Structure formats: C-alpha cells, structure tokens
Amino acid sequence: MSWGFMRSSAWKFLQSPRYNRSRVEYAAPNIFFDEVQDAMSSADDSTSAEEDLDSLVLFGMMKGSVVGLRYYAGVVNNNEMVALQREPNNPYDRNAVKVNNVNGEQVGHIKKELAAALSPVMDRKLVKIEGAVPYGAHNVFTMPVTLSFWGREENKTTVLDHLKKHGFRLETGPKGFGKSFSSAAGSSLSSSLPAVQLTLEQLKSEFDKLFEDLKEDDKTQELEPARSVQTKLLPHQKQALSWMVSRENSQELPPFWEERNGFYYNTLTNFAEKERPESVRGGILADDMGLGKTLSTIALILTNFHDGKPLTTLTSGKQKTNTAESQGQCGETRGSDNSQAATGTSRKRQKPRKGKSDPQDSEEEEWLPRKTKSSSSCGFVDDDQFAMALAGASPAVKKKSNKKSAGKTKAQSQSKCDGKLPRPTLIICPLSVMSNWIDQFEQHVRAEVDLNIYVYYGPERSKDSNTLSQQDVVLTTYSTVTHDYGNNSPLHKIKWLRVVLDEGHTIRNPNALQTKAVHSLDAVRRWVLTGTPIQNSLKDLWSILSFLKLKPFTEREWWHRTIQRPVTTGEEAGLRRLQALIKSITLRRTKTTKVKGKLLLQLPERKVYMQYIKLSTEEREIYESVQNEGKAVIGRYFNEGTIMTHYADVLALLVRLRQLCCHPHLVSSTLSSSSIAANSTPDELREKLVNKIKLVLSSGSDEECAICLDSLNIPVITHCAHVFCKPCICQVIHSEKPNAKCPLCRSEIRLEHLLECPEEEMDPSARKDQKWVSSSKVDALMSALMEQRNKDPRVKSIVVSQFTSFLSLIETALRESGFMFTRLDGSMTQKKRTEAIQSFQSSSVDSPTIMLLSLKAGGVGLNLTAASRLFLMDPVSRIHSERIF
DNA sequence: ACCGCCGGGTGCC
DNA sequence: ACCGCCGGGTGCC
C-alpha cells in the first residue's frame with residue numbers, strides 16, 4: 001500500500017481537461033451541419049487526446065496542403081515541423097485550421113475541404129494532428145504538409161470512419177508513405193514499427209545515468225567567490241560557482257541551435273529564423289542534498305552581482321578603472337539607497353562600515369573575485385567579464401582588461417551593459433526551507449556587506465513594486481507566488497535579475513496553478529535547484545525547461561514531439577537528445593562524485609543501530625485487540641470487493657497500529673476502528689467523519705492535501721472520508737459542478753457535505769483525563785538519552801517522529817528527567833521554527849541538547865549540524881529506512 | 001447559343 | 001498561379 005496510488009489518481013483527475021460543453025454560435029455564412037457532434041456524442045470527455053500524450057497511438061498519416069501562404073509572415077523550411085490549430089472564430093469558415101511554424105507564427109491554413117473533415121474530430125479532442133512540411137522552402141501560394149494523427153486507441157475507428165465520410169483515408173503501414181514520412185521531421189512511424197525499443201527497466205537505468213558522469217572540463221573549472229562571501233567554498237562549490245557564473249554570462253546558443261548562413265537553425269524542428277534565440281542564462285543545479293546548493297547560489301548572487309561584477313560596498317560610479325565607462329553606463333550603484341530600506345519583514349544588515357571612509361582603496365583591494373587557476377587561458381568565464389571583474393586588481397590585469405574592453409563586440413556590450421538589467425534576485429522555496437535561506441545568508445555574507453534582503457511572505461508583505469525592485473534579494477514561497485498570481489502582485493510585475501527555484505521539482509505538474517504562476521515570472525537569469533532532477537518521468541522536466549525559457553520547449557508540443565515521445569517510444573535519437581540537453585544545462589554531483597580523486601564531502605562515518613523494543617504485556621494486548629478488529633473489518637471489505645474505496649480506512653488502521661507501537665495514548669479510545677458505513681444515520685456519519693479527520697490530523701503531523709500536494713490548509717473531510725484543503729476541494733467542486741467527484745475515489749461530493757475539524761485540542765498529552773504514563777519505547781529512548789548524557793553531557797540529539805502527539809508525550813518524559821529540549825513541527829510559524837533551530841544550533845551553555853522534530857517539518861533543507869545522534873522513533877519499514885538513512 | 005470556346009481577372013480561410 | 005475557376009464576350013469557314 002502506498003500513497004502513490006492516491007497521488008497519481010488525484011493527478012490524473014486534475015490533468016484531465018474540461019471542455020466547454022456549450023456550443024458556440026457563429027455568424028458564419030457557410031454554416032452546415034456537424035454530423036460528428038451526434039455521431040460522437042458517446043465519446044467520453046475523459047478519453048481526450050490531450051489527457052495523456054504518452055498513451056496516444058498513431059492512427060496514420062495523410063498528405064494535405066497548406067494554402068494562403070501569401071497572407072502570412074511565417075515561413076517554413078524543408079522538413080520543418082508545424083503545428084495545427086483550430087480557428088473556430090474565423091469569419092469565413094468556422095472549420096478553419098491554422099498552420100503555425102515552430103515559433104508560433106501563422107504560415108497558412110489547411111485547405112478548406114480537409115479542414116472541414118478535421119475540425120470536428122479536433123474539436124472533440126479525438127485526435128491530435130501534427131504536421132511536417134517536406135518541401136517548405138520557396139513555396140509562394142500553397143505547400144504540401146504531411147499530417148500525423150494521434151489519439152487514443154478506442155477513438156481510432158470513430159476518427160477513421162469520420163474521415164472516410166469526407167473522402168479521406170489515412171495511410172498506416174510503412175508502404176508508400178514510410179520513407180518520406182520518417183524522414184520528415186519528427187514524424188517517424190516508430191509506434192507502429194518500434195525501433196530499438198528499450199524496456200522500461202533499461203529506460204529507467206538510462207535516466208539514472210543521465211546525471212552521472214558529467215565530468216566535462218567546463219564543469220571542473222573553479223572560481224573564487226567575491227570577497228563579500230565570507231565562507232570558504234569547497235572545491236566542488238567553486239566549480240558550481242564557476243559554472244553558474246559562466247552560464248549567466250553565456251553568449252552560447254541554446255542547445256540544438258546552430259548558425260547556418262546567417263540564420264539560426266534548430267536542429268530538432270528544422271526551424272530557422274534570423275533572430276538569435278536567447279541564450280539560456282541559467283540552468284539546473286541538481287547536486288545531491290548536503291553539497292551546498294544554497295551556498296553556491298549565494299556565492300553566485302554576490303559574485304555575479306551585476307554585469308559580471310561582484311557586489312561591492314561602494315558606488316561603482318566613483319571607480320577609476322578601465323571599465324569605468326561601461327560601469328557608468330550601466331549605472332548600477334550600490335549602497336546609495338539606504339533610505340529605501342524595506343519595511344515590515346525586511347531585514348537589513350547592520351554593519352560597522354569601516355573601510356567605507358576610503359572607497360578607492362577598499363574597492364581596489366577588497367571586493368574582487370579571484371580565480372583559483374591562473375587566469376590567462378581559462379575560458380570558463382567570458383574573458384571580457386573576467387576583465388571587468390578584475391579591473392583594478394593589478395597593473396597587469398588592468399592592461400588586459402583595457403585591451404579586452406576596447407575590443408568588445410556590440411552584442412557583448414549590449415547584453416552586459418545596457419543599463420537595463422534589473423536588480424533583485426527572487427528566491428522561491430517551500431516555506432520549510434525559508435529559514436534556512438535566511439540563516440545561510442546570515443552565515444555566509446560578510447557582515448559589513450550592504451545586502452538588502454526582503455522576505456515576501458505573510459499578510460504584511462509589501463504590494464509595492466518599487467519596494468521590491470530596490471531589493472537585492474527577495475525571498476518568497478511557492479504558495480505566495482501562486483496566491484499572488486493574477487492578483488496584480490508586484491512579484492509578477494517586476495522584471496527580476498534572477499529567479500531561483502529552490503526544490504524546483506515542486507513545479508513538476510504542468511497543469512498546476514503553481515507552475516503557471518512561476519512560469520509567468522519575468523527574469524533575465526533563471527535557476528532551478530533540485531536534488532531530484534527527474535523524479536517521476538520526463539514529464540517533470542518540461543515545466544523546468546519551460547521555466548528556463550528554453551526555445552522551443554516552452555511549447556509542450558515541441559518538447560513532446562522532439563524529445564519526450566522519441567524517448568518513451570525507445571528511439572535512440574530521443575535519448576541522445578535528452579542526454580545532450582541535460583548535459584548542457586545541468587550540473588549534478590552526488591555524494592559519491594569525486595573531485596581530484598577525493599569525495600566531495602568527508603563526513604564522519606554514519607552508524608545505524610536498530611533497536612527492537614518489546615512491548616509490555618498491556619501494550620501488546622491493546623495492540624492485538626486493535627489488530628484483530630482491523631483484520632475483521634478489512635476482511636469484510638475484501639469480501640465485498642470494496643477495498644479500494646476503503647483504502648483510507650485501511651491506511652488509518654495501519655497508522656493506528658504504528659501509533660500503538662509508540663505509545664498507547666496516541667490512539668484515542670473514542671476513535672472506534674469501525675468504519676464509516678454507508679447506512680449510518682446522518683448524526684452517526686457526522687461523528688465518524690469528525691473522528692476520522694481528527695485521526696488524520698493528529699497522526700501524520702503535517703498531512704498533505706492530495707490536490708495541491710502541500711500541507712493541509714483548513715482541512716475538511718468529504719462524505720467519502722477523504723481529507724483535503726478546503727480551498728482546493730471547493731475549487732474542484734466549483735469547476736466540476738454540478739457533478740463534482742472526489743479526486744481520490746470518484747464518489748459524488750457536495751459543498752454542503754464538507755466537514756471541518758471542530759476547534760478543540762487534539763493533543764493526547766494535553767488531555768486532562770489521561771494521566772501521564774510512559775511506554776516501552778519512551779522508556780528505551782530515555783535510557784539511551786540518559787546513558788549518553790552521563791558519558792558526555794554536551795552531546796546533542798534529534799528525536800524524530802511523524803506523530804506530533806508522540807513528541808508531546810516524549811516532552812513530558814524529557815521534563816521529568818531534566819533535559820533541555822526544543823521542538824520543530826509543522827504547526828509552528830516560520831519565526832518559531834527559526835528560533836528553535838537557532839537555539840538548538842547554538843553552542844551556549846543553556847542551549848537545548850535535544851530537538852523534537854516532526855518528520856514532515858524536518859523533511860527538507862534543515863541544517864541541524866549541532867546534533868550527532870538521531871533517534872527515529874516510528875516503526876520503520878525497509879523502504880522508509882532507506883530514504884531516511 | 002438553354003451551347004462551346006476564348007482570354008482576362010483573379011486567387012486562403 | 002507556367003495552375004483552376006469564374007463569368008463576360010462571342011459565335012461558319
């Protein structure tokens with residue numbers, strides 16, 4: 001049993017498109033009957049051709065023609081891919097089908113007889129039609145196009161029959177069409193003629209390999225951070241910095257683009273244009289957890305602060321260097337805006353400004369990045385950039401910079417110094433790691449550096465664009481970005497110098513509002529930090545590539561046709577492309593990666609002890625009685641064949657048993673393990689639902705909502721006993737009405753049936769009627785802690801459980817034995833969390849030696865290096881233990 | 001001639 | 001479009 005089921009079904013549900021069922025009236029002169037509407041009314045919406053692109057099969061292909069080229073600016077090359085788009089509001093023909101090139105520019109229309117045949121099946125989403133133009137060049141009035149028809153297997157005959165009525169037939173075999181088609185861009189017949197088809201296993205292992213062994217030279221150069229970074233970087237962090245700086249200042253064409261006789265040519269789609277595609281000024285930093293993605297990013301922000309120059313404490317306009325001219329143009333000034341300090345949650349560094357009295361000196365000696373390796377032959381940072389960064393460092397380098405800047409090309413000076421580069425970097429992270437960012441800025445940035453950081457979070461956040469655009473760093477959460485989206489938010493109005501997505505895989509769902517909200521941010525440089533680059537499948541990668549503005553992948557069709565489908569159908573070219581793509585935009589190191597023969601991090605050896613605790617007789621009796629009752633209930637479901645609709649009950653039972661292993665009081669006696677029967681009276685049902693939601697909320701500490709995959713916000717329970725955020729489920733009910741179904745089990749759900757959790761304490765340790773008693777497991781923990789304290793009273797430990805109520809019980813035991821402790825769980829505000837971490841990390845004598853940590857709240861990105869022991873209190877399966885250790 | 005044929009005008013949907 | 005189609009002009013050989 002895994003939560004995977006729950007998640008995937010919710011996702012599928014969320015991803016299924018919902019069409020507008022109302023017919024549109026057209027004032028078109030040539031209205032005629034659409035026989036398909038009736039013939040196909042049985043086709044269910046859920047079987048649409050856009051639901052899951054991977055499950056589509058090729059129905060066949062045909063030739064058609066594109067007409068009206070005269071009237072449109074879009075041009076097409078030989079073998080170029082084109083997209084077909086319905087144009088139902090065309091005043092001359094409501095069946096019109098536009099043909100667009102890869103850039104989205106219209107090329108022409110599908111000839112009207114063919115369009116009349118295509119439009120009904122396109123509108124009903126029974127088929128997705130892709131086009132490729134075998135001979136695109138030099139056509140004046142019309143051009144040929146080969147169309148591939150993709151859809152769900154069950155819709156194939158409907159589509160073929162329909163086309164037949166209009167006198168069109170699809171070619172299916174390789175005969176006749178095969179050769180010309182498979183040579184046309186992206187239109188291979190691979191699904192009917194599997195090429196070197198890889199098995200799922202092989203494919204998976206290829207994925208795993210994708211990110212390994214990326215040890216190319218351009219990724220092993222090192223760069224010293226700006227002086228404003230006070231932490232000494234490890235070699236691999238200097239490599240990350242070097243790579244990131246060079247990517248931000250890159251003039252390279254994006255992957256799969258070439259310059260060919262004055263045009264920029266995309267080798268995947270065969271699209272060409274005069275305009276140079278934007279370089280990808282960013283990428284994916286996919287280092288394993290713990291390798292310092294945060295530090296590397298902070299170093300990047302300070303080192304490539306503006307125009308390839310590091311952050312200084314001074315106004316650069318006063319600089320008398322060889323690059324003064326360009327800096328003057330850029331007009332980037334620092335430290336002159338103290339009056340604009342952010343208010344509210346903003347944080348401004350206070351510092352003793354020694355050295356400020358003599359700007360000239362400190363400028364020249366202090367605020368310069370240095371290279372580890374001798375600079376002359378290194379090409380990892382654009383030489384010109386480097387020269388600017390080094391300006392004034394030494395006479396020798398000055399000369400070099402002089403020479404270089406004199407020889408600057410127009411493109412270079414424009415990109416680096418058009419004076420319009422915005423100032424702030426936006427960092428978006430899950431709330432749980434926000435404090436980590438704040439801490440790390442605090443820790444790694446020199447105290448005297450004047451860096452404005454604004455935490456854009458909470459109801460007090462400033463709605464003023466000016467306030468934000470004058471910051472150096474704005475920190476916010478995914479939820480905030482999503483919430484602000486479409487609400488005239490300053491986040492979406494400002495042009496950012498840089499947007500950094502921390503735990504970037506959170507935008508993997510292409511249809512989630514959160515993903516759209518993040519995609520719509522405007523930035524010059526874009527970064528994705530993640531420890532899990534391709535988590536579930538290739539699909540995850542699309543939203544990241546789209547965020548990075550990687551042409552032409554911002555449109556899902558091109559991503560799917562050029563990479564995703566070729567890879568999933570096992571075409572060799574697909575995997576090759578994917579590898580090339582990932583290699584060019586990703587830096588990934590794991591804990592086992594070596595630099596110069598050494599592991600990146602030398603951590604003390606980790607020792608894992610499993611201690612099995614024997615339950616007391618009384619505990620065992622309770623356990624067995626619940627277990628037996630549960631077995632009976634589940635057996636009944638099983639016999640009825642309703643296991644799947646009752647899986648929430650099954651999970652709840654398992655949770656209860658796990659709780660009983662920790663402490664009997666975790667399972668409230670009022671919570672009967674009997675299930676929610678369909679024939680309950682309303683009052684009984686209500687009571688059971690309330691008990692159920694209480695159980696869910698108290699058991700998992702920081703339970704997720706299956707719709708937003710985030711922590712539950714105003715949890716409500718449905719009649720079918722599933723718990724969601726109230727706003728999430730309300731939105732589902734609203735958009736699905738009048739027949740809304742539960743995203744998890746497809747039962748009918750109604751707004752008026754939702755139940756909120758009544759306001760009352762749910763913490764068993766706070767219940768007055770229950771006297772404090774220990775449990776076998778608590779006893780075992782306490783004796784281990786006390787033994788440890790006797791040996792060395794300064795040793796710090798973390799005690800982890802997914803059950804916050806268990807942590808509360810442990811609190812009592814800790815107090816009894818006189819331990820100093822602190823606590824971190826999902827219910828705490830950001831401020832409280834920060835305090836908890838800081839007090840625990842502190843080395844002062846009154847600092848707590850124990851932290852009680854809820855599993856979910858401590859999930860990612862916490863730095864709790866003060867501890868040397870960790871007690872995992874929950875029963876663990878093998879799967880769990882692998883994830884944790 | 002209620003035709004054929006000619007040649008000019010014209011051209012997506 | 002070096003096409004097709006339209007509709008006006010035209011009409012034995």
Side-chain angles (χ1 to χ4, degrees), chain A residues 19-20 22-40 49-50 59-151 159 162-170 180 184-185 187 269-274 555 557-558 561:
Chain A
Y19 325 120
N20 187 354
S22 62
R23 296 275 307 266
V24 184
E25 300 295 330
Y26 300 100
N30 56 344
I31 289 180
F32 61 90
F33 234 151
D34 191 342
E35 79 282 12
V36 187
Q37 293 287 347
D38 298 322
M40 293 170 180
E50 284 178 7
F59 292 168
M61 305 176 115
M62 67 183 280
K63 283 182 180 164
S65 41
V66 185
V67 296
L69 307 188
R70 265 278 139 103
Y71 305 94
Y72 306 99
V75 288
V76 180
N77 267 309
N78 289 347
N79 290 319
E80 184 171 332
M81 293 182 175
V82 290
L84 269 62
Q85 187 191 8
R86 277 283 286 124
E87 194 187 14
N89 292 324
N90 185 299
Y92 302 96
D93 181 0
R94 69 181 182 111
N95 293 314
V97 176
K98 290 206 288 181
V99 177
N100 303 330
N101 68 15
V102 176
N103 233 12
E105 297 151 343
Q106 186 171 359
V107 174
H109 278 106
I110 291 291
K111 206 167 155 54
K112 63 175 180 295
E113 294 80 7
L114 181 53
L118 301 186
S119 64
V121 276
M122 288 176 81
D123 291 346
R124 295 244 82 200
K125 316 268 183 203
L126 296 174
V127 69
K128 172 97 186 71
I129 307 172
E130 298 180 351
V133 175
Y135 307 105
H138 311 302
N139 293 302
V140 190
F141 304 103
T142 67
M143 64 168 82
V145 61
T146 54
L147 304 174
S148 331
F149 291 66
W150 299 83
V159 170
H162 169 74
L163 291 175
K164 208 172 180 178
K165 275 188 212 155
H166 287 258
F168 296 103
R169 207 165 57 85
L170 296 188
S180 60
S187 308
T269 58
N270 297 320
F271 173 78
E273 65 178 332
K274 202 80 190 154
E555 276 299 318
E557 176 170 353
W558 308 123
R561 286 177 67 173

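Per chain, numbering begins at 1; letters A, B, ... match sequence-line order. What you are looking at is a predicted structure, and each value in this text was computed from that prediction instead of being measured.
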**OP:** Confirm from the modelled atom types if A:Asn90 and B:dC13 form a donor-acceptor pair under 3.5 Å, side chain to base only.
**Re:** yes
Subject >> Atom C1', compared across C:dG8 and C:dC13: separation rounded to whole Å >> reply: 25 Å
Original post:
When rounded to the nearest Å, what value does the distance between P atoms of B:dC5 and B:dG9 take?
Top reply: 22 Å
**OP:** Indicate whether any N or O donor in one side chain lies under 3.5 Å from an N or O acceptor in the other, for A:Asn100 and A:Gln85.
**Re:** yes
Subject >> For C:dG9, the Watson-Crick or wobble partner whose two distances fall under 3.5 Å >> reply: B:dC5
Original post:
Does the base of B:dC12 carry an N or O that pairs as donor and acceptor with the side chain of A:Tyr72 under 3.5 Å?
Top reply: yes
Original post:
Does A:Lys112 have a side-chain nitrogen or oxygen under 4.0 Å from the phosphate oxygens OP1 or OP2 of B:dC12?
Top reply: no
**OP:** Taking the six-membered ring for Trp and the full ring for Phe, Tyr or His, determine whether the centres of A:Tyr71 and A:His109 are under 6.0 Å apart.
**Re:** no
Subject >> Gap between atoms CG and C1', on A:Asp93 and B:dC12 respectively (whole Å) >> reply: 10 Å
Original post:
Does the side chain of A:Val140 come within less than 4.5 Å of A:Leu69's, by heavy atoms?
Top reply: no
Original post:
Roughly, in whole Å, what's the span from CG in A:Asn100 to C1' in B:dC13?
Top reply: 13 Å
Original post:
Are any of the side-chain nitrogens in A:Glu87 or A:Arg94 under 4.0 Å away from the carboxylate oxygens of its partner?
Top reply: no
Original post:
Between B:dC13 atom C1' and A:Met143 atom CE, what is the distance in whole Å?
Top reply: 15 Å
**OP:** Rounded to the nearest angstrom, tell me the gap between atom OH in A:Tyr92 and atom P in B:dC12.
**Re:** 10 Å
Original post:
In whole angstroms, how far is the C1' atom of C:dA1 from the NE2 atom of A:His138?
Top reply: 18 Å
**OP:** Report which part of the nucleic acid A:Lys111 touches: base, sugar-phosphate, or nothing (heavy-atom distance under 4.0 Å, all strands).
**Re:** sugar-phosphate
**OP:** Indicate, with a heavy-atom threshold strictly under 4.0 Å, whether A:Ile110 touches base, sugar-phosphate, or nothing.
**Re:** sugar-phosphate
**OP:** Using whole Å, report how far CD of A:Glu113 lies from P of B:dC13.
**Re:** 7 Å
Original post:
Does the side chain of A:Asn101 pick up a donor-acceptor pair with the side chain of A:Glu80 at under 3.5 Å?
Top reply: no
Subject >> Options C:dA1, B:dC13, B:dC12, nucleotide nearest the side-chain atoms of A:Tyr71 >> reply: B:dC12
Original post:
In whole angstrom, what separates A:Arg86's CZ from B:dC12's P?
Top reply: 19 Å
Original post:
For A:Phe141 and C:dA1, is the gap between ring centres under 5.5 Å while the planes differ by less than 30°?
Top reply: yes
Original post:
For A:Asn95 and B:dC12, what is the distance between atoms CG and C1' respectively, to the nearest whole Å?
Top reply: 14 Å
